[in-house]
Each structure stands twice: as structure tokens, then as C-alpha cells.
Amino acid sequence: MRTSWADSVANSASENAAPASSGNNGSLRSSRPAYVPPHLRNRTPSADLPASSPAVPSQANDRVGYAGPAGGSRWAGGSRPDYGRPGYGSGGRPAAAAAAGGWNNRSGGWERGREREVNPFGNDDGEVDSTFGEQENTGINFDAYEDIPVETSGENVPPSVNTFAEIDLAEALNQNIRRCKYVKPTPVQRNAIPIILAGRDLMACAQTGSGKTAAFCFPIISGIMREQYVQRPRGPRTVYPLALILSPTRELSCQIHDEARKFAYQTGVKVVVAYGGAPINQQLRELERGVDILVATPGRLVDLLERARVSLQMIRYLALDEADRMLDMGFEPQIRKIVEQMDMPPPGRRQTMLFSATFPKEIQRLASDFLANYIFLAVGRVGSSTDLIIQRVEYVHETDKRSHLMDLLHAQRETETNGKQSLTLVFVETKKGADSLENWLCVNGFPATTIHGDRTQQEREMALRSFKSGKTPILVATDVAARGLDIPHVAHVVNFDLPNDIDDYVHRIGRTGRAGKSGLATAFFNENNMSMARSLADLMQEANQEVPAWLTRYASRASYSGGKNRRTGGGRFGGRDFRREGSFTRVTDYYGGGNSSGGGYGVPASYGGGYGPGVASAWD
DNA sequence: AAAAAAT
């Protein structure tokens, strides 16, 4: 059976060690540790563990060299292992593992361990182009970053870095970063990576398309590579991932998995994805082959936990992508179950990272249940580059929407130039509405497809592929596609039906304006959307967009009582730590600065980045 | 009221 790197190393280490670790199962150990049923596991870690250290269940006591993330050196074991050095073996296995031997003691371990890892880059055989080749991404406009306001709060915030080189990531990971053609870290990466490497919990708020996935994947992979001697319990069925990444939709989990696999290529760190709507057996087989990082949607994960096929006992890293969505009404119970009612180590003994482009204060408050002494990070917009997404609002009566859309599509068709059809993503409110609009578009000669929760997973994935490839350059979607999905070449996002929440609008239009392309977002506004008038107008103004006079009138007329759609404060930029609010007094002395002026939350919609073509995906 | 997420 193939296992992950940490697993293999742990195993060989423990097998080579003197019969030191005599846990409650010590006498049963033969070639592999006996399975310990959950109720017999000693779940009380030593009390003198630093508060920020992850859980170390007793059977893991034979692990060496882990000093705890906040406790200075993580290299207590002595010299740094020569991990991932180029040209070593087929899997970039660490010298330590090879030297320790013992792989062949695992049933099937040797053969499977040597199996060549599929190259997820698909361009060549995975060689790093040391010259950085034709510099596909020289188009990245990093100057645009210089003006981005960054807000951090919390105790002892680690300083940001300016280059990947000055971050102590593993060499094998650095090679993958080069393969991905990431030359410099984005602002959220520059700030978040040192924070996570320092072992701190984090609530991070950064624009759509600004590199959040990599910001939490890099330090997780790096951290797992360093923890050489993690001893995980092993049962015939249960697996014990070290990191868990949750996301609100299946397609987003797939996308994160694809990205994470690139970053983890030849590091020996195994990434597995589990989500609903797909046969569970294949996912179970993948899990059995070993997993360090599990990417999942909540429902399927709960299923796996209830079947005891996955245990969260060894989780050291928990990342929630689209965290505000994960903690809103629909998802919160499931997330609480996973995080608080299964066997996941509590805050302080795991590292928790929450990422999103939006983060309403109420949700921040909720989220603080899952965090320990966390750092809040907000990477705001750059005023001058926000016009990468042009936002338009048009007053369109319900009955005129279809013909109006038709006009837009015709106009767009005429501007098609160099062969490649540009893509249009149309958001509607309901699944039924999606089907009906798709059908109408097809009947009228516009090749369209649709993605929503009433379609089978096969149909959903097919629709996404067909859209990405340009075969059907129009995709009609519900909010299932609103968040996180990185679809290159989306030129136009149409809010055929506006959402009822300004944050959803922010995420929807964030599907365009990525990778340095200019983006266009058009919203159809009518009497049904009056509750959005003010927040929409405020947001557009914040993003230096032209606000139609009629919208300003509705906005000023709109009666509200501080409703959730209102962006208060018209802040200089997004993301404010709710702990800075006067109303929040439980935590004291976090800041010298006292209360802020109470600004809005979230990050203005349209900072599109200025990334050049060729910059890889999953940047949410 | 709707969408998403397990079978």
C-alpha cells in the first residue's frame, strides 16, 4: 500500500527505533502499529505543550524534531534534511527516508512508493525551466501591488516578505513554484505565508483572483515536509490526514486539489480530494493509498467521518476557503460538526486559516470560535487598478431581460477578434431559471450550457469543461459558480438576476478580470433589486466605477436600517478586523490604536490584479 | 426565497 511521505518516514523511523514508544498499543505492534479504536485513544496531549502547538497524541510521542510552530526553530532535530533535492529518485524522496530504510517492511510499500507520480503540469516531464523560458507572465503588473493597502492586526505579526526566495520553503516546493511560473509572491502571499509558517492562526481577506489558494497551500505543504517523524496511527480502514481544506462547492474542491497537487509534486506530500455526487469507492481507494492533505466538501467529509474512514485526530492544519460562506447559515452546522464535534484537535493545537474575499463582521465573530489568538489580514484594493473590471448597471425590466441579454451577446460577438471566442458567464437566481435561459439561448443560436445544483455531477463538470474550452462560450450559472472558480478568458460576467447580498455580487464579478485581462461586469437592475441599490452604488463608487444617476437616486431613497446589504463607512478599503469594533470588548490589548472608524467589510470588488497571461489558476 | 452540501 502506498502511503504519504510523512507516513512512510514516520513508519520507518518508528520501526528502526528501539522499542521506545510503548504506548497503550506498544505490545501489539508487529510490522505495523495496531489499530486503536477511538474510545481507547489517549486524546489528552501533554499539558505543558505550548498553546500554539498542534495536538500530539500519545502514540505520536516517538516523533522527533518538532519544536512547535511558534517555538522558534522547527528544526530541533538538528541539521536540515536534504529534502526534495533535484534529481533524487523518482519521487523526490528525502534522503532521510531512504537512509532509514524499512520501506519494504510495509506491504507493497516499496513498489508503490517507486511508482512514478503523474506530472500534473502536463507541459513537459516536469523539468524546471531554469531560464524561466519565454516569461509568459512578465505581463504581471506587480507595480500595481505597491499601492495596495495592507491591514494586519493581532499580536506579534510576523513581517511580510518580498520574494519566495526569502521564505524558508522546501526546495522541492520552490521548484514547483517555478514550474507554475510564479515569479513573485502576491500581496496576500507575501503577508500570509510568513504568518502561517510562524504557526499562527489567520483570518485573511484578499481580493478575488489574488492568490489565496497558494497562500495557504505553500506553508501547509512546507510544514508537512518538515515534520519528518509524525507517527500516525494506522488502522485497516481509517486514514489520518495532517491537513484539511474545506470549500463550499465540489468544483472548487476539485480546483484546489488540482492546484495543491501541482504545488506538492515530488514533495512526497499526498493530496486527496473527496466530494459528493461522485462514486465514493474511488475516493476511498485514493484515501487508502495515503493522504496528507485532504481537500473536501463538508457533506462527503461528514459521511467519511461517520464511516470512520477518515479521522481528524492528527489534523494540524485546517483551512477554510471561502470561509465566510462556510460559516453562514447554510453551512455552519456541518462545519461545527466537523470542527468541534468529531476528533479534530481544538484551536491552539491545530493551526486554523480562514480565507475569503469577503468577511462580514457577524461571520468574523462566529469564526473566532475556531481560531486561537489569530492574526487578521486584509489586502485591500488598489484604486487605480480597480478599473480592470468595468462594472455597469442597467435598468432592465424583468420582461426585457432576455432580449437585453441577446443585445449584449450580439454586440460582444461582433467584437470577437483573434479567433478565440471570449467567454460570458451569466448568473441567474434559480436552477429552473438557469435551465430555461440556457434553453432559450440555444434555441436562439447562442451555444450555451448551464451549471447548477440540480444537475448531476457529471453534467456539472462537463458544463464547466465545455465552457472553459470555448465549445459553449456562454455558461448560465447559479451561485454554485459564484465563488472561487478560476476560469481563464471570462470576458464578461452578466448578473441577469442580481443576488440579494452584495458579497455574492463581489464574488460573482470576480470570475472575470483575472490574469491581467480586463473584465466587464454587467448587472440588470430593476424594481426587484431595490434592497441592493445602496450597497451596489457604494461598492461601485468605492471601486471608482461610474454610478448611474438613477442608481444614486434609488440608493439615497432606499430606506434601510443598517441592513446587511449596506456597506457602512464607505471605507478607504475593505477588510476591517471586527475585534477593532467598540462593541467587541472581550479581547483586550490587541491593539494600541483603539477603535477604527468602523469601516465596511470585505474587499472592493474589482481589483483585478494585473496578472499577465499564463499565470496559473486557482488564485482565489 | 434560493442556493449549496451525503446517500
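Reminder, nothing fancy here: chain letters follow the sequence lines and each chain counts from 1.
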Across the strands shown, which category fits [X] at heavy-atom distances under 4.0 angstrom: base, sugar-phosphate, nothing?
{"X": "Gly453(A)", "value": "sugar-phosphate"}
{"X": "Gln334(A)", "value": "base"}
{"X": "Arg325(A)", "value": "base"}
{"X": "Arg460(A)", "value": "sugar-phosphate"}

Going by side chain to side chain donor-acceptor pair (under 3.5 Å), name the residues that satisfy it together with Asn495(A), two or more places apart in sequence or in a different chain. Arg508(A)

For Lys337(A) and Glu306(A), what are the C-alpha separation, side-chain angles and deciding distance, and is it a side-chain contact (heavy atoms from CB on, under 4.5 Å)? CA-CA 11 Å; Lys337(A) 174 162 191 177; Glu306(A) 284 173 349; 2.7 Å; yes

Let me know the distance between [atom1] of [X] and [atom2] of [N], rounded to the nearest Å.
{"X": "Asp503(A)", "N": "dA3(B)", "atom1": "CG", "atom2": "C1'", "result": "15 Å"}
{"X": "Leu301(A)", "N": "dA6(B)", "atom1": "CG", "atom2": "P", "result": "9 Å"}
{"X": "Leu320(A)", "N": "dA5(B)", "atom1": "CG", "atom2": "P", "result": "16 Å"}
{"X": "Leu284(A)", "N": "dT7(B)", "atom1": "CG", "atom2": "P", "result": "12 Å"}
{"X": "Arg455(A)", "N": "dA4(B)", "atom1": "CZ", "atom2": "C1'", "result": "17 Å"}
{"X": "Arg300(A)", "N": "dA5(B)", "atom1": "CZ", "atom2": "P", "result": "12 Å"}
{"X": "Ile451(A)", "N": "dA4(B)", "atom1": "CD1", "atom2": "P", "result": "9 Å"}
{"X": "Ile335(A)", "N": "dA4(B)", "atom1": "CD1", "atom2": "P", "result": "17 Å"}

OP1 or OP2 of dA4(B) sitting under 4.0 Å from any side-chain N/O of Thr297(A)?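 Answer is no, no contact under 4.0 Å.
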
dA6(B), OP1 or OP2 - any side-chain N/O from Arg250(A) closer than 4.0 Å?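 For Arg250(A), the contact criterion (side-chain N or O under 4.0 Å from OP1 or OP2 of dA6(B)) is met.
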
Checking contacts here: which listed nucleotide ([options]) is nearest the side-chain heavy atoms of [X]?
{"X": "Asp303(A)", "options": "dA1(B), dA5(B), dT7(B)", "answer": "dT7(B)"}
{"X": "Lys431(A)", "options": "dA5(B), dT7(B), dA4(B)", "answer": "dA4(B)"}
{"X": "Thr478(A)", "options": "dA6(B), dA4(B), dA2(B)", "answer": "dA4(B)"}
{"X": "Thr430(A)", "options": "dA4(B), dA1(B), dA3(B)", "answer": "dA3(B)"}

Thr456(A): what forms a side-chain contact (heavy atoms from CB on, under 4.5 Å) with it, not counting sequence neighbours? Gln458(A), Glu459(A)

Is a side-chain donor-acceptor pair under 3.5 Å present for Ser436(A) with Arg402(A)? yes

Going by the angle between their ring planes, with limits at 30° and 60°, are Tyr395(A) and Phe525(A) parallel, tilted or perpendicular? tilted

